[in-house]
Amino acid sequence: MSTARPRPTARLMTTALAALALAATSTFTVHATPAQAAACNGYVGLTFDDGPSGNTPALLGALQRHGLRATMFNEGRYAAAYPAQVKAQLAAGMWVGNHSYTHPHLTQLGQSQIDSEISRTQQAIAAAGGGTPKLFRPPYGETSSTVKAVEAKYGLTEILWNVDSQDWNGASTDAIVQAAGRLTNGQIILMHDWAANSLAAIPRIAQGLTARGLCAGTISPQTGRAVAP
């Protein structure tokens with residue numbers, strides 16, 4: 001008695017091949033034209049200062065759940081203390097910037113001290129696996145010709161903000177959402193890694209941006225403005 005399996009008919013083979021071809025084509029189409037990209041009529045820069053910290057995992061989780069990417073301006077001392085969180089920021093699709101080592105008033109320091117604050121942070125972030133930052137945010141937004149000269153030495157572009165969420169000043173979640181609602185194409189908002197109300201605002205920020213056809217983008221080192229990733 002033969003144990004050979006019956007050969008499929010030509011019609012069955014043709015049908016199966018057609019189904020496979022259709023599936024392959026459908027899969028390619030879905031990945032080639034993501035709906036979100038088509039809905040982006042402009043880009044804004046979401047930024048979070050003072051990380052990484054024990055709060056970073058929750059922040060990254062919320063951003064990812066709502067399809068947002070952000071620039072994390074890390075302090076060097078915290079990058080050295082939480083290297084795994086620097087790696088997690090990149091793994092979550094975020095970008096990492098330099099926010100000085102100890103968050104001092106740079107305009108009150110001498111050039112060598114400013115240099116130390118910036119260079120040590122570059123090194124700490126790189127050592128933590130965060131690459132070499134191209135963006136620098138001076139603490140408190142305070143800058144000077146001396147600060148700018150040191151930034152230039154390390155190939156850094158200074159990034160301030162267009163909208164201050166005031167989360168550092170106790171702003172409510174509602175107020176932070178309203179602040180994000182003022183963003184226009186290319187603009188940047190200031191928020192902080194440690195601010196619980198900013199974390200709580202993320203779902204509504206995402207909803208508001210989508211409603212206005214805006215997407216969270218990267219910050220261009222050339223122009224200092226938010227652009228497509």
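Numbering starts at 1 and runs along the sequence shown.
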Using the rule that two of Ile, Leu, Val, Met, Phe, Trp, Tyr join whenever any of their side-chain heavy atoms come within less than 4.5 Å, decide whether Ile202 and Leu183 are in one cluster. yes
Suppose we screen for side chain to side chain contact (heavy atoms under 4.5 Å, CB included). Which residues come up paired with Pro221, at least two apart in sequence or across chains? Lys134, Leu135, Thr157
Between Thr132 and Ile125, is the side-chain contact (heavy atoms from CB on, under 4.5 Å) condition met? List the steps. CA-CA 7 Å; Thr132 302; Ile125 289 173; over 6 Å; no
Kindly state each residue pair satisfying ring pair (Phe, Tyr, Trp, His ring centres under 6.0 Å) with at least one member in residues 199-229, sequence neighbours excluded. none
Cluster question for you: counting only ILVMFWY and a side-chain heavy-atom cut-off of under 4.5 Å, with indirect links fine, are Ile176 and Val44 together? yes
Mind jotting down which residue pairs meet the salt bridge (charged side-chain N to carboxylate O under 4.0 Å, His left out) criterion with at least one end in residues 91-109? Sequence neighbours excluded, please. none
Is there a side-chain contact between Lys153 and Asp115, using heavy atoms and a 4.5 Å cut-off? yes
Taking Gln89 for the side chain and Met72 for the main chain, is one N or O donor matched with an acceptor at less than 3.5 Å? no
Minimum-distance pair of heavy atoms, taken over all atoms of Met94 and Arg69: SD-CA, 3.7 Å
For the residue pair Asp167 and Ala195, what are the closest heavy atoms and their distance? OD2-CB, 3.4 Å
For Trp194, ring-ring contact (aromatic ring centres under 6.0 Å, His included) partners two or more places apart: His192
So Ser100 and Pro138, do their side chains get closer than 4.5 Å, heavy atoms only? no
Under a 4.5 Å cut-off applied to non-hydrogen side-chain atoms, are Arg225 and Ser220 in contact? no
Applying side-chain hydrogen bond (donor to acceptor under 3.5 Å, both in side chains) to Gln108 and not counting sequence neighbours gives none
Contact summary for Phe73 and Asn98, nearest pair of heavy atoms: CD2-O, 3.7 Å
Could you pull out the closest heavy-atom pair between Leu199 and Ala62, with the gap in Å? CD1-CB, 3.7 Å
Hits for side-chain hydrogen bond (donor to acceptor under 3.5 Å, both in side chains) against Glu158, two or more places apart or cross-chain, chain-then-number order -> Thr143, Lys148
Below 4.5 Å, heavy atoms only, C-beta onward: do Ser119 and Tyr101 meet side chain to side chain? no
Show the numbers, then the answer: is there a side-chain contact (heavy atoms from CB on, under 4.5 Å) between Ile205 and Met191? CA-CA 12 Å; Ile205 289 174; Met191 293 179 283; 4.0 Å; yes
Per-pair distances, 0.1 Å, donor-acceptor, side chain in residues 77-87, under 3.5 Å, sequence neighbours excluded:
{"residue": "Arg77", "atom": "NE", "partner": "Glu75", "partner atom": "OE1", "Å": "2.8"}
{"residue": "Arg77", "atom": "NH2", "partner": "Glu75", "partner atom": "OE1", "Å": "2.9"}
{"residue": "Arg77", "atom": "NH2", "partner": "Thr102", "partner atom": "O", "Å": "3.4"}

Nearest 0.5 Å, please: how far is CG in Asn74 from OG1 in Thr121? 9.0 Å
Heavy-atom closest pair (Leu68 atom, Ala206 atom, distance to 0.1 Å) is CD1-CB, 3.8 Å
Decide yes or no for Thr71 and Leu46: does some side-chain heavy atom of the first lie under 4.5 Å from some side-chain heavy atom of the second? no
Just how far is it from atom OG of Ser172 to atom CG of Asn197, taken to the nearest 0.5 Å? 6.5 Å
Holding to side chain to side chain contact (heavy atoms under 4.5 Å, CB included), I want the full list of residues that pass it with Asp164, two or more places apart in sequence or in another chain. Trp161, Gln166, Trp168, Leu190
Separation of Ser165 OG from Arg182 CZ (nearest 0.5 Å): 9.5 Å
Hey, any chance Trp95 and Val227 share a hydrophobic cluster, counting ILVMFWY side chains that come within less than 4.5 Å of each other, even indirectly? no
Of all pairs that satisfy side-chain hydrogen bond (donor to acceptor under 3.5 Å, both in side chains), the ones with a partner from residues 202-215, not counting sequence neighbours: Asp174-Arg204
Does either side chain, that of Gln187 or that of Thr184, offer a donor lying less than 3.5 Å from an acceptor on the other one? yes
Which donor-acceptor pairs under 3.5 Å do the side chains of residues 52-61 make with protein atoms, sequence neighbours left out?
{"residue": "Ser53", "atom": "OG", "partner": "Asn55", "partner atom": "N", "Å": "3.0"}
{"residue": "Ser53", "atom": "OG", "partner": "Asp193", "partner atom": "OD1", "Å": "2.5"}
{"residue": "Thr56", "atom": "OG1", "partner": "Ser53", "partner atom": "N", "Å": "2.8"}
{"residue": "Thr56", "atom": "OG1", "partner": "Ser53", "partner atom": "O", "Å": "3.1"}
{"residue": "Thr56", "atom": "OG1", "partner": "Asp193", "partner atom": "OD2", "Å": "2.8"}

Give me each pair satisfying salt bridge (charged side-chain N to carboxylate O under 4.0 Å, His left out) with a member in residues 39-68, each pair once, sequence neighbours excluded. Asp49-Arg137
Could you pull out the closest heavy-atom pair between Val177 and Ala201, with the gap in Å? CG2-CB, 3.7 Å
Assigning hydrophobic clusters by single linkage (Ile, Leu, Val, Met, Phe, Trp, Tyr; side-chain heavy-atom cutoff under 4.5 Å), is Ile189 placed with Phe48? yes
Using the ring of each side chain (for Trp, its six-membered ring), is His105 parallel, tilted or perpendicular to Tyr140, with breaks at 30° and 60°? parallel
Connected hydrophobic set around Leu106, excluding itself, where side chains approach under 4.5 Å: Leu109, Ile114, Ile118, Phe136, Val147, Val150, Tyr154, Leu156
